[in-house]
Number of protein chains: 2
Amino acid sequence: MEEMFGLVGQMRAVPGKRQELIALLQAGTGDMPGNLLYLVAEDLDDPDAIWVTEVWKTRTDHENSLKLPAVQDAIAAARPILAGFGTRAEMRPVGYSG
Amino acid sequence: MEEMFGLVGQMRAVPGKRQELIALLQAGTGDMPGNLLYLVAEDLDDPDAIWVTEVWKTRTDHENSLKLPAVQDAIAAARPILAGFGTRAEMRPVGYSG
(Lines give C-alpha, C1' and ligand atoms only; values in the text may rest on other atoms or scores of the structure.)
Protein backbone atom coordinates (compact mmCIF):
# COMPACT_ATOMS: atom_id res chain seq x y z
CA MET A 1 0.00 0.00 0.00
CA GLU A 2 1.43 3.39 -0.97
CA GLU A 3 2.18 5.45 2.13
CA MET A 4 0.80 8.89 3.00
CA PHE A 5 2.64 11.81 1.53
CA GLY A 6 3.04 15.36 2.83
CA LEU A 7 4.52 18.67 1.83
CA VAL A 8 5.39 21.78 3.78
CA GLY A 9 6.72 24.89 2.17
CA GLN A 10 7.02 28.64 2.31
CA MET A 11 6.10 30.84 -0.64
CA ARG A 12 6.71 34.56 -0.97
CA ALA A 13 4.29 36.82 -2.82
CA VAL A 14 5.30 39.99 -4.58
CA PRO A 15 4.93 42.76 -1.94
CA GLY A 16 1.28 43.61 -1.34
CA LYS A 17 0.00 40.54 -3.18
CA ARG A 18 -0.16 37.98 -0.36
CA GLN A 19 -3.94 38.07 -0.07
CA GLU A 20 -4.31 37.62 -3.82
CA LEU A 21 -1.92 34.64 -3.74
CA ILE A 22 -3.86 33.07 -0.87
CA ALA A 23 -7.15 33.54 -2.71
CA LEU A 24 -5.73 31.88 -5.83
CA LEU A 25 -4.39 28.92 -3.86
CA GLN A 26 -7.70 28.42 -2.08
CA ALA A 27 -9.72 28.72 -5.26
CA GLY A 28 -7.67 26.11 -7.05
CA THR A 29 -7.37 23.52 -4.33
CA GLY A 30 -10.93 22.98 -3.17
CA ASP A 31 -11.56 19.62 -4.77
CA MET A 32 -8.47 17.42 -5.11
CA PRO A 33 -8.94 13.62 -4.90
CA GLY A 34 -6.78 12.07 -2.19
CA ASN A 35 -6.08 15.33 -0.42
CA LEU A 36 -6.46 14.97 3.35
CA LEU A 37 -5.23 18.44 4.33
CA TYR A 38 -4.48 21.70 2.55
CA LEU A 39 -3.53 24.34 5.10
CA VAL A 40 -2.63 27.88 4.01
CA ALA A 41 -1.28 30.26 6.64
CA GLU A 42 0.25 33.72 6.74
CA ASP A 43 3.80 33.91 8.10
CA LEU A 44 3.55 36.25 11.12
CA ASP A 45 7.11 37.51 10.71
CA ASP A 46 7.23 38.07 6.94
CA PRO A 47 4.36 40.14 5.49
CA ASP A 48 4.85 38.65 2.03
CA ALA A 49 5.20 34.99 3.01
CA ILE A 50 2.75 32.16 3.39
CA TRP A 51 3.15 28.57 4.49
CA VAL A 52 1.33 25.67 2.89
CA THR A 53 1.10 22.28 4.59
CA GLU A 54 -0.41 19.44 2.61
CA VAL A 55 -1.28 15.81 3.46
CA TRP A 56 -2.15 13.34 0.75
CA LYS A 57 -3.31 9.74 0.84
CA THR A 58 -0.43 9.00 -1.59
CA ARG A 59 2.34 10.77 -3.53
CA THR A 60 0.51 9.70 -6.69
CA ASP A 61 -2.58 11.61 -5.57
CA HIS A 62 -0.43 14.71 -5.18
CA GLU A 63 1.19 14.28 -8.59
CA ASN A 64 -2.25 13.78 -10.19
CA SER A 65 -3.53 16.96 -8.55
CA LEU A 66 -0.97 18.96 -10.51
CA LYS A 67 -2.80 17.93 -13.69
CA LEU A 68 -6.20 19.17 -12.52
CA PRO A 69 -7.42 22.17 -14.57
CA ALA A 70 -8.28 24.19 -11.44
CA VAL A 71 -4.80 23.61 -10.01
CA GLN A 72 -3.07 24.42 -13.30
CA ASP A 73 -5.15 27.60 -13.62
CA ALA A 74 -4.19 28.61 -10.07
CA ILE A 75 -0.49 27.98 -10.72
CA ALA A 76 -0.62 30.02 -13.95
CA ALA A 77 -2.49 32.88 -12.30
CA ALA A 78 -0.13 32.88 -9.30
CA ARG A 79 3.09 32.93 -11.30
CA PRO A 80 3.17 36.74 -11.88
CA ILE A 81 2.63 37.49 -8.18
CA LEU A 82 5.02 34.83 -6.84
CA ALA A 83 8.35 36.30 -5.70
CA GLY A 84 9.86 32.94 -4.74
CA PHE A 85 9.92 29.85 -2.58
CA GLY A 86 11.56 29.42 0.80
CA THR A 87 11.94 26.25 2.83
CA ARG A 88 10.30 23.19 1.26
CA ALA A 89 10.21 19.63 2.53
CA GLU A 90 8.63 16.38 1.46
CA MET A 91 7.31 14.35 4.37
CA ARG A 92 5.68 11.14 5.49
CA PRO A 93 2.85 12.07 7.86
CA VAL A 94 2.88 9.70 10.84
CA GLY A 95 0.48 11.28 13.22
CA TYR A 96 -2.41 13.57 12.66
CA SER A 97 -4.91 14.75 15.25
CA GLY A 98 -7.41 17.55 15.03
CA MET B 1 -11.98 37.71 18.98
CA GLU B 2 -8.48 36.32 19.15
CA GLU B 3 -7.39 34.98 15.77
CA MET B 4 -6.29 31.43 14.95
CA PHE B 5 -2.65 30.66 15.56
CA GLY B 6 -0.34 28.18 13.85
CA LEU B 7 3.17 26.84 14.09
CA VAL B 8 5.36 24.94 11.65
CA GLY B 9 8.79 23.71 12.54
CA GLN B 10 11.48 21.16 11.93
CA MET B 11 13.07 19.21 14.79
CA ARG B 12 16.07 16.93 14.56
CA ALA B 13 16.40 13.84 16.74
CA VAL B 14 19.68 12.38 17.84
CA PRO B 15 20.59 9.82 15.13
CA GLY B 16 18.47 6.68 15.40
CA LYS B 17 16.00 8.27 17.82
CA ARG B 18 13.45 9.77 15.43
CA GLN B 19 10.79 7.14 16.12
CA GLU B 20 11.21 7.61 19.85
CA LEU B 21 10.85 11.38 19.47
CA ILE B 22 7.71 10.95 17.39
CA ALA B 23 6.21 8.59 19.97
CA LEU B 24 6.91 11.08 22.76
CA LEU B 25 5.35 13.94 20.83
CA GLN B 26 2.26 11.92 20.03
CA ALA B 27 1.87 10.65 23.58
CA GLY B 28 2.02 14.14 25.05
CA THR B 29 -0.23 15.97 22.62
CA GLY B 30 -3.36 13.87 22.48
CA ASP B 31 -5.64 16.07 24.55
CA MET B 32 -4.89 19.79 24.29
CA PRO B 33 -7.81 22.24 24.60
CA GLY B 34 -8.05 24.54 21.58
CA ASN B 35 -5.86 22.43 19.37
CA LEU B 36 -7.33 22.05 15.89
CA LEU B 37 -4.42 20.24 14.24
CA TYR B 38 -1.23 18.53 15.43
CA LEU B 39 0.53 16.95 12.47
CA VAL B 40 3.82 15.06 12.91
CA ALA B 41 5.66 13.96 9.78
CA GLU B 42 9.01 12.43 8.94
CA ASP B 43 11.25 14.52 6.67
CA LEU B 44 11.86 12.33 3.61
CA ASP B 45 15.28 13.83 2.94
CA ASP B 46 16.71 13.89 6.47
CA PRO B 47 16.49 10.60 8.41
CA ASP B 48 16.75 12.38 11.76
CA ALA B 49 14.28 15.20 11.10
CA ILE B 50 10.59 15.61 11.66
CA TRP B 51 8.16 18.39 10.87
CA VAL B 52 5.38 19.46 13.18
CA THR B 53 2.50 21.62 11.95
CA GLU B 54 0.05 22.90 14.55
CA VAL B 55 -3.20 24.90 14.33
CA TRP B 56 -4.76 26.42 17.44
CA LYS B 57 -8.00 28.28 18.03
CA THR B 58 -5.85 30.99 19.66
CA ARG B 59 -2.23 31.75 20.61
CA THR B 60 -3.39 31.65 24.23
CA ASP B 61 -4.56 28.05 23.79
CA HIS B 62 -1.09 27.17 22.53
CA GLU B 63 0.64 28.94 25.43
CA ASN B 64 -1.67 27.16 27.90
CA SER B 65 -0.85 23.79 26.34
CA LEU B 66 2.79 24.24 27.35
CA LYS B 67 1.64 24.11 30.98
CA LEU B 68 -0.20 20.79 30.62
CA PRO B 69 1.51 17.99 32.60
CA ALA B 70 1.44 15.61 29.61
CA VAL B 71 3.11 18.21 27.38
CA GLN B 72 5.70 19.12 30.00
CA ASP B 73 6.48 15.43 30.51
CA ALA B 74 6.90 14.95 26.76
CA ILE B 75 9.22 17.96 26.49
CA ALA B 76 11.34 16.72 29.40
CA ALA B 77 11.52 13.19 28.00
CA ALA B 78 12.37 14.45 24.52
CA ARG B 79 15.17 16.78 25.59
CA PRO B 80 17.92 14.09 25.74
CA ILE B 81 17.08 12.82 22.24
CA LEU B 82 16.62 16.22 20.61
CA ALA B 83 19.61 17.25 18.49
CA GLY B 84 18.16 20.63 17.52
CA PHE B 85 15.57 22.71 15.76
CA GLY B 86 15.54 23.77 12.12
CA THR B 87 13.14 26.15 10.40
CA ARG B 88 10.37 27.46 12.64
CA ALA B 89 7.58 29.89 11.83
CA GLU B 90 4.58 31.33 13.59
CA MET B 91 1.56 31.62 11.36
CA ARG B 92 -2.02 32.79 11.05
CA PRO B 93 -3.99 29.97 9.41
CA VAL B 94 -6.33 31.44 6.80
CA GLY B 95 -7.56 28.42 4.98
CA TYR B 96 -7.90 24.87 6.04
CA SER B 97 -9.50 22.04 4.07
CA GLY B 98 -9.32 18.33 4.65
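Because only heavy atoms are used, hydrogens play no part in the values below, and waters and symmetry mates are left out as well, while side chains stay in. Letters go in sequence order (proteins before strands), and every chain restarts at 1. Treat the numbers as computed from the prediction; the structure is a model and nothing was measured.
A single hydrophobic cluster is seen to contain both B/Ile75 and B/Ile22, as judged by linkage of ILVMFWY side chains at heavy-atom distances under 4.5 Å, directly or through other members. A continuous path of Ile, Leu, Val, Met, Phe, Trp and Tyr side chains, each step under 4.5 Å between heavy atoms, connects A/Phe85 with A/Ile81, placing both in one hydrophobic cluster.
Once rounded to the nearest 0.5 Å, the distance linking CD of B/Glu42 with CD of A/Glu90 reads 13.5 Å.
More than 12 heavy atoms of other residues, nucleotides or ligands shown are found within 6.0 angstrom of CG on B/Asp73.
Heavy-atom pairs under 4.5 Å with chain A peak, among B/Val94, B/Thr87, B/Val52, B/Asp46, at B/Val94. When each of A/Gln10, A/Glu54, A/Gln26 is checked for heavy-atom pairs under 4.5 Å with chain B, A/Gln26 comes out on top.
Side-chain atoms of B/Trp51 and A/Thr53, non-hydrogen and from C-beta on, never get closer than 4.5 Å to each other. At least one side-chain heavy atom of A/Leu44 sits less than 4.5 Å from a side-chain heavy atom of B/Arg59. Side chains of B/Val40 and A/Pro93 form no contact here, defined as non-hydrogen atoms less than 4.5 Å apart.
Interface residue A/Leu39: backbone and side-chain heavy atoms are both found under 4.5 Å from chain B.
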